[in-house]
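Only one structure is covered here, and it is reproduced in the block below.
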Number of protein chains: 2
Amino acid sequence: MKKSVTPATVPDKAAYHHGDLRRSLLDAALGLVESHGVQGFTLREAARAANVSHNAPYRHFPSRTHLLIALAIEGQGHLLQGLQTAVRRATDARERIVRLGTAYMEFAISHAAHFRVMFSSDVARNRTADLTAAQNATFEFFENELLATEQGGLIRQGAVQNHALVGWSALHGAAMLVLDGVLDNTAIAARRKPREMAHLIIETLLTGILAPD
Amino acid sequence: MKKSVTPATVPDKAAYHHGDLRRSLLDAALGLVESHGVQGFTLREAARAANVSHNAPYRHFPSRTHLLIALAIEGQGHLLQGLQTAVRRATDARERIVRLGTAYMEFAISHAAHFRVMFSSDVARNRTADLTAAQNATFEFFENELLATEQGGLIRQGAVQNHALVGWSALHGAAMLVLDGVLDNTAIAARRKPREMAHLIIETLLTGILAPD
DNA sequence: CGCCAGGTGTTGACGCTGTCAACATCGAGC
DNA sequence: GCTCGATGTTGACAGCGTCAACACCTGGCG
């Protein structure tokens, strides 16, 4: 009667006093980040939201930062999943990488709390091996997708790493700028949905911006 | 005798008790951000560094966040200056925008503390009109540079806003990823200086990544 | 010249936070 | 059936941002 938790599918671990406090804390934290920002998130408030004492979180996370890191790892997993399912629906090579980029931006916008935590400087400064591994997995998937596209003949060969870097940077930068509201006053981004922005970015990356000679 | 301040060129304002406490606080804050990160920065520690009581900062900034915002505005000014001087040294159109991008990334890396504050979510959430104006000025300069290049015939016409968005996003994203250490394990960025990365990014943006048909 | 107002800095207090240590409780496995 | 470890609680501590009240010093008014 303490807290309504999803009652199904995970009976294996953690059901002593609370049900699944670790999960509840992560959910509460995500909600707090959503409403108050990353640094507005508080261990004690998360504990309150989960109806436990202010020190209960320390049985599941060694520190506030480590809870955020757990959230970041989780988010990275969701992102990777999102990219994978997006790509799966594509029929040709070009649509494939358009979907890839679109999925990245859509994740950033619609899972803003997770995304913010994933790239918060607090988390970045205290990165653990697990988090680094999760980030690398995502980037490698990105790179491999481009590699497949290259082998399909759509894009120039021999510079996948370069292309992946630029593509990821552009998508990531645009997502950050949008999330921070920096682009709100620019005509190009003011009224555009993330999907359109991603489309715009990728098409520009593909063709380049040089004038045809 | 309290604190060594630059003794020249600003005698007009603020010399009551301290000398120029506002300036000292900003400097101290910048140092703290550099060593402990944005959220590691503390009003009280900045006050200590300036040899004043823990409440003295409130005579110059209404809150901790507003001090950070002041720092962000200052950083935005420095960035704009950096872009302007970088561009001034260019001889042809292509070199001009290469220099523009290089300057952005070099600023982000070598003035990391300012840059982090400028795009910290704390500051973003409480953006003031002053800060928005400063950000817009920088973006407009970026856009105008591209417009000039377009008129010079180097780049495709009729899509400056689009090109500016993609260019800025790519540079900004790369800077963020580098600062957060996300790229440390990637072959492409591990041992590269910001200048080389910027070069790489801009060349790729210019020519695009499509295979020549 | 003297006073006064307000800009500047200080002292003290409040509630909140992250974290530590000590204690309580519950369930699994001997 | 007991014990041990995992889980949760209570209480404490220092540090933080912020507010209110007070102290000082200086520039401008008479």
Side-chain angles (χ1 to χ4, degrees), chain A residues 1-3 5 10-29 32-33 35-71 117 120-123 125-126, chain B residues 1-3 5 10-29 32-33 35-71 117 120-123 125-126:
Chain A
M1 195 70 69
K2 287 225 161 181
K3 182 80 192 296
V5 195
V10 193
D12 48 8
K13 203 189 176 186
Y16 286 78
H17 299 63
H18 176 278
D20 190 351
L21 183 52
R22 185 186 151 90
R23 183 69 256 151
S24 295
L25 288 172
L26 287 174
D27 291 344
L32 290 177
V33 169
S35 53
H36 299 87
V38 174
Q39 83 248 321
F41 151 69
T42 270
L43 264 189
R44 287 169 106 109
E45 202 161 335
R48 259 174 255 134
N51 282 317
V52 292
S53 79
H54 68 266
N55 252 339
Y58 284 91
R59 302 296 150 191
H60 299 272
F61 307 96
S63 77
R64 188 194 106 112
T65 298
H66 281 81
L67 193 156
L68 289 177
I69 291 176
L71 220 44
V117 172
S120 76
S121 58
D122 187 9
V123 168
R125 290 177 70 88
N126 302 89
Chain B
M1 196 70 70
K2 288 226 161 184
K3 182 83 190 294
V5 196
V10 193
D12 48 9
K13 204 189 174 185
Y16 286 78
H17 300 62
H18 177 276
D20 190 351
L21 182 52
R22 186 186 151 91
R23 183 69 257 150
S24 295
L25 287 172
L26 288 174
D27 290 343
L32 290 177
V33 170
S35 53
H36 300 87
V38 173
Q39 80 246 324
F41 152 69
T42 272
L43 264 190
R44 290 170 105 109
E45 201 161 335
R48 258 174 255 135
N51 281 318
V52 292
S53 79
H54 68 267
N55 253 339
Y58 284 91
R59 302 295 151 195
H60 299 271
F61 306 96
S63 77
R64 186 195 106 110
T65 298
H66 282 81
L67 194 157
L68 288 177
I69 292 176
L71 220 43
V117 173
S120 76
S121 58
D122 187 8
V123 168
R125 290 177 71 88
N126 303 88

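Just so you know, these numbers come straight off a predicted model, no measurement behind them. Letters go in sequence order (proteins before strands), and every chain restarts at 1.
Between Tyr58(B) atom OH and dA20(D) atom C1' the separation is 13 Å, expressed in whole Å. A straight line from CG of Asn126(A) to P of dG18(C) spans 15 Å, rounded to a whole angstrom. Note: CG (Leu67(B)) to P (dC16(D)) measures 15 Å, nearest angstrom. Rounded to whole angstrom, the span from the NE2 atom of His66(A) across to the C1' atom of dG18(C) amounts to 14 Å. The distance from atom CZ of Arg22(A) to atom C1' of dG8(D) is 17 Å, rounded to the nearest whole Å. As rounded to whole Å, 12 Å separates atom P of dA22(C) from atom CZ of Arg59(A). The interatomic distance linking Leu32(B) (CG) with dG15(D) (C1') rounds to 15 Å, in whole Å. Distance CD (Gln39(A)) to C1' (dT17(C)): 14 Å, rounded to an integer number of Å.
Within the structure, no pair that satisfies the side-chain hydrogen bond (donor to acceptor under 3.5 Å, both in side chains) test touches residues 40-49 of chain B, not counting sequence neighbours.
Side chains of Arg59(A) and Leu21(A) form no contact here, defined as non-hydrogen atoms less than 4.5 Å apart. Within the 4.5 Å cutoff, no side-chain heavy atoms of Val38(A) are placed close to those of Gln39(B).
The shortest heavy-atom contact between Phe61(A) and Arg22(A) is CE2-NH1, 3.4 Å.
Applying the 4.0 Å criterion to OP1 and OP2 of dT18(D), one finds that His54(B) has every side-chain N and O outside that range.
Closest to the side chain of Glu45(B), out of dC16(D), dT10(C), dT18(D), is dC16(D). When each of dG8(D), dT9(D), dG17(D) is scored by its nearest atom to the side-chain atoms of Ser53(A), the top-ranked nucleotide is dT9(D). Set against dT18(D), dT10(C), dT10(D), the side chain of Ala56(B) has dT10(C) as its closest nucleotide.
Residue contacts shown for Arg44(A) include a base, since a base heavy atom lies under 4.0 Å away.
Residue order along DNA chain C, read from the 5' end via each residue's closest nucleotide, puts Arg48(A) first among Pro62(A) and Arg48(A).
Between atom NE2 of residue His66(A) and atom CG of residue Leu43(A) there is a gap of 12.0 Å, rounded to the nearest 0.5 Å.
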